[in-house]
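Below is one structure, written out as structure tokens; comments come after it.
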Amino acid sequence: MNNKSEILFEKSKMFMPGGVNSPVRAFRAVHRNPLFIDRANGAKIYDIDDNEYIDYVCSWGPGILGHADSRVIEAVKRACDKGLTFGAPTENEYILVELVNELMPSMEMIRLVNSGTEAVMSAIRAARGFTGRDKIVKFRGCYHGHSDGLLVKAGSGALTQSIPDSLGVPADYSKNTLVAEYNNNASVEKLFDMYGEDIAAIIVEPVAANMGVVLPDKEFLKDLRRIVDKYKSLLIFDEVITGFRLSLGGAQEYFGVRPDITTLGKIVGGGMPLAAYGGRRDVMDMIAPLGGVYQAGTLSGNPIATTAGIETLKILKEEKGIYKKINDNAVKIKNAVESTFGNSVCVNQIGSLISVFFTEKRVTDYETAISSDTEKYADYFNYMLDKGIYLAPSQFEAMFISAVHSDEDIEKTCAAIKNYKA
Ligand code: KE4
């Protein structure tokens with residue numbers, strides 16, 4: 001039963017829009033009220049009615065080590081005893097950015113911020129400040145946080161709620177955001193043929209994960225690099241999801257394509273509100289107090305969040321076997337889904353990212369992603385939830401697998417999938 005969640009949801013709706021602090025959490029796409037979570041440990045989360053679930057949301061990506069990893073928790077507890085925030089430089093910030101640079105050498109200089117949205121907003125401003133150009137290119141179905149100029153044909157919750165272009169964003173803001181089609185370099189070339197001299201940057205999810213998981217075609221990313229070089233524009237990899245997940249060096253290591261700027265979030269903060277942007281030194285030299293691109297933040301790089309990030313990255317660096325384990329588990333789930341549903345679904349999986357699309361088409365872009373039957377997904381979600389398996393409450397999100405999903409968890413998940421009857 002979920003009585004306590006139901007009661008708390010009714011009360012929460014009185015003081016928070018939709019009773020939540022981020023739209024996708026409201027479970028609206030799956031036609032049920034959300035569960036209020038009391039605690040989590042390892043691969044499990046527990047709602048306030050004390051129901052246990054195997055968690056494949058992992059807080060939308062940060063939870064690569066599983067919930068409440070004791071090493072991270074102990075480090076955070078020790079850091080808390082020294083004070084929560086000073087508004088001044090700390091050694092932790094240096095330790096974290098040095099680690100990020102070691103793992104992602106394209107990030108020659110890095111600024112820490114508090115959310116992926118803030119990282120992307122700042123990266124775009126840096127690109128515009130560096131190039132002196134106003135336009136940016138994004139891809140339909142990709143989501144880069146909720147800053148005004150990027151809420152154009154956005155994915156994730158914007159797609160789930162069917163508001164990919166948000167109210168409240170003045171046309172003046174979005175007119176500089178050009179939209180291309182994912183995996184369609186011709187659509188990018190066309191925009192550059194028309195506006196090339198005024199395009200500051202392309203921003204791309206190197207693996208799209210906000211229209212569900214959509215893999216880049218073999219030459220897609222390399223060709224974006226070619227196009228930006230031709231027009232002296234910049235290439236921004238939004239690695240908020242793929243960073244330290246697709247590999248220790250992220251998608252840029254996995255695909256061997258070097259961006260000019262990278263944005264990070266989620267794993268880099270180890271579950272705390274911490275994100276980052278960074279890249280070419282000549283671009284980042286534009287950032288205040290060095291250059292004329294202003295960006296600031298009261299809690300940026302705070303000692304608690306940097307502690308969680310440092311501990312998380314250190315563990316990932318020391319335990320590289322994690323990647324084979326989480327990737328292999330994703331393949332097991334993919335195989336279970338394909339053997340159950342056959343051609344009635346499209347399963348996109350890369351590394352430990354996986355999405356099940358309820359469509360017979362191959363999902364390679366926004367158009368094919370939205371051909372999915374979201375009602376069938378909702379039915380699948382509810383069936384799995386009733387089996388104690390917590391999936392993303394939206395067709396247009398990813399499943400995330402952690403290092404501590406046990407063989408038993410995966411077997412239980414695959415068994416539930418195999419027993420599903422639409
Ligand atoms: P945040 O501002 O939510 O930390 O990060 C924004 C963001 C930027 N770039 C990418 C590629 C992202 O996936 C995100 C946020 N991801 C969503 C899940 N698809 C966050 C979940 C939510 O909005 O509640």
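In listed order, ligands and their atoms are each counted from 1. Just so it is clear, the values below take in all heavy atoms, side chains as well, and ignore hydrogens, waters and symmetry mates.
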* **Closest approach of Ile333 to Ile417 (non-hydrogen atoms, all atoms of both residues)** => CG2-CD1, 4.0 Å
* Output the distance between atom NE2 (His67) and atom OG (Ser402), rounded to the nearest 0.5 Å. => 7.5 Å
* Heavy atoms only: which of Phe237, Phe400, Phe396, Tyr143 is nearest to atom 10 (C) of ligand 1? -> Tyr143
* Structure fact -> When distances are taken from atom 13 (O) of ligand 1, the protein heavy atom at minimum range is Asn210 ND2, 2.9 Å
* Asked: Using 4.0 Å as the upper bound for N to carboxylate O, is an ion pair formed by Lys332 and Asp328?
  -> no
* Structure fact -> re atom 7 (C) of ligand 1, the protein heavy-atom contact at minimum distance is Gly145 N, 3.7 Å
* What residue and atom, counting heavy atoms only, is the protein's closest point to atom 9 (N) of ligand 1, and at what distance? -> Asp238 OD2, 2.7 Å
* Asked: Would you say atom 3 (O) of ligand 1 has a protein heavy atom nearer than 4.0 Å?
  -> no
* Nearest-0.5 Å distance, CZ of residue Phe244 to CD of residue Glu239 -> 8.5 Å
* Asked: Any side-chain donor paired with an acceptor under 3.5 Å for Tyr46 and Asn51?
  -> no
* To do: Enumerate the atoms of ligand 1 whose separation from the nearest heavy atom of Ser115 is less than 4.0 angstrom.
  => 2 (O), 4 (O)
* For Gly116 and ligand 1, does the shortest N/O to N/O distance drop below 3.5 Å? -> yes
* Asked: Do side-chain atoms of Gln349 reach the backbone of Gly351 as a donor and acceptor pair under 3.5 angstrom?
  -> yes
* Say whether Trp60, considering both its backbone and side-chain N or O atoms, lies within less than 3.5 Å of an N or O atom on ligand 1. => no
* Structure fact -> If you scan protein heavy atoms around atom 23 (O) of ligand 1, the nearest is Ser22 OG, 3.3 Å
* Asked: Which is closest to atom 8 (C) of ligand 1 in terms of heavy atoms, Lys266, Glu397, His144?
  -> His144
* To do: Test side-chain hydrogen bond (donor to acceptor under 3.5 Å, both in side chains) on Asp238 and Thr263 and set out the steps.
  => CA-CA 5 Å; Asp238 181 348; Thr263 56; 3.0 Å; yes
* **Donor + acceptor pair across side chains of Arg245, Ser352 (<3.5 Å)** => yes
* Give the numbers and elements of all ligand 1 atoms closer than 4.0 Å to a heavy atom of Ile241. => 13 (O)
* To do: Please work out whether any backbone atom (N, CA, C, O) or any side-chain heavy atom from C-beta onward of Thr117 is under 4.0 Å from ligand 1, and answer side chain, backbone, both or neither.
  => both
